[in-house]
Visitor: 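Provided herewith is a single structure, encoded as structure tokens, for subsequent inquiry.
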Amino acid sequence: MVENESRTAESIAGLVRAALASDDLAGFSELLDPAVQWGAPDDPTPTCRNREQVMTWYQRGWQAGTRARVTEVSVHGDKILVGLMVTREGDYGERWQILTVGPGGVTDIRGFEDRASAASRVDA
């Protein structure tokens, strides 16, 4: 995708699915705004405050053996609801993320433990 091309949730939802499903961290990185933030819902001080920090967090998980299978991707305005089945060392569980999209790509990522909590934030 061209660096200055305006991105919408619709235009990158499939790319998000493909990047996360293939464990393509470089591909996922390209979808993130340089100033992307990642954290828990309603956390005023996000864990990650830029693309490099977000990618370092994902890379650490990957190196620790954490893997995710995409179970759902749906677009709701400027937000993408992403369902993941996360596995690590034989343990597994559902996780949900809401990705907010701005002109430069994904600007905010919030993690949720269950679909109902995440879906309530996007009226899904």
Visitor: At what distance, to the nearest 0.5 angstrom, does CG of L32 lie from CD of E52?
Guide: 12.5 Å
Visitor: Assess whether side chain to side chain contact (heavy atoms under 4.5 Å, CB included) is satisfied between E94 and E113, documenting all intermediate values.
Guide: CA-CA 7 Å; E94 284 187 331; E113 298 293 319; over 6 Å; no
Visitor: Should V101 and I80 count as side-chain neighbours, where that means a heavy-atom distance under 4.5 Å?
Guide: yes
Visitor: So R51 and D33, do their side chains get closer than 4.5 Å, heavy atoms only?
Guide: no
Visitor: Taking ring pair (Phe, Tyr, Trp, His ring centres under 6.0 Å) as the test, write out the residues that go with F28, two or more places apart.
Guide: Y58
Visitor: Under the side-chain hydrogen bond (donor to acceptor under 3.5 Å, both in side chains) rule, collect the residues that match up with D114, sequence neighbours excluded.
Guide: S117
Visitor: Please round to the nearest 0.5 Å and tell me the distance separating atom CD of Q97 and atom CD of E72.
Guide: 13.0 Å
Visitor: According to the side-chain hydrogen bond (donor to acceptor under 3.5 Å, both in side chains) rule, which pairs have a member within residues 78-88, sequence neighbours left out?
Guide: K79-T100
Visitor: Apply side chain to side chain contact (heavy atoms under 4.5 Å, CB included) to R49 and V54, showing your working.
Guide: CA-CA 7 Å; R49 295 180 191 90; V54 169; over 6 Å; no
Visitor: Using the rule that two of Ile, Leu, Val, Met, Phe, Trp, Tyr join whenever any of their side-chain heavy atoms come within less than 4.5 Å, decide whether L31 and W62 are in one cluster.
Guide: yes
Visitor: Using every non-hydrogen atom in the two residues, find where G27 and A19 come nearest and quote the distance to one decimal.
Guide: C-CB, 4.0 Å
Visitor: Got L25 and Q59 here, is their nearest side-chain heavy-atom distance under 4.5 Å?
Guide: yes
Visitor: Find out whether L81 and V73 are in side-chain contact, i.e. whether some heavy atom of one side chain is under 4.5 Å from a heavy atom of the other.
Guide: no
Visitor: Hey, are the side chains of V16 and V70 touching, using non-hydrogen atoms and a 4.5 Å cut-off?
Guide: no
Visitor: Using the salt bridge (charged side-chain N to carboxylate O under 4.0 Å, His left out) rule, collect all pairs that involve residues 96-108, keeping only residues at least two apart or in two chains.
Guide: D108-R110
Visitor: Kindly give the heavy-atom pair with the smallest separation between L84 and A68, and that separation in Å.
Guide: CD2-CB, 4.2 Å
Visitor: Can you pull the ring pair (Phe, Tyr, Trp, His ring centres under 6.0 Å) pairs that have at least one residue in residues 83-122, sequence neighbours excluded?
Guide: none
Visitor: Show me the side-chain donor-acceptor pairs of residues 35-47 shorter than 3.5 Å, one per line, residues at least two apart or across chains.
Guide:
unit_1	atom_1	unit_2	atom_2	d
D42	OD1	R121	NH1	3.2
D42	OD2	R121	NH2	2.8
D43	OD1	T45	N	2.9

Visitor: Mind checking whether I109 and I98 have side chains closer than 4.5 Å, heavy atoms only?
Guide: no
Visitor: Enter the distance from Q63:CD to T56:OG1 here, rounded to the nearest 0.5 Å.
Guide: 9.5 Å
Visitor: State which residues pass side-chain hydrogen bond (donor to acceptor under 3.5 Å, both in side chains) with R95; sequence neighbours excluded, sorted by chain then number.
Guide: none
Visitor: Between atom OG of S22 and atom CZ of R17, what is the distance when rounded to the nearest 0.5 Å?
Guide: 12.0 Å
Visitor: Can you name the closest pair of heavy atoms from S74 and H76 and give their distance?
Guide: OG-NE2, 2.8 Å
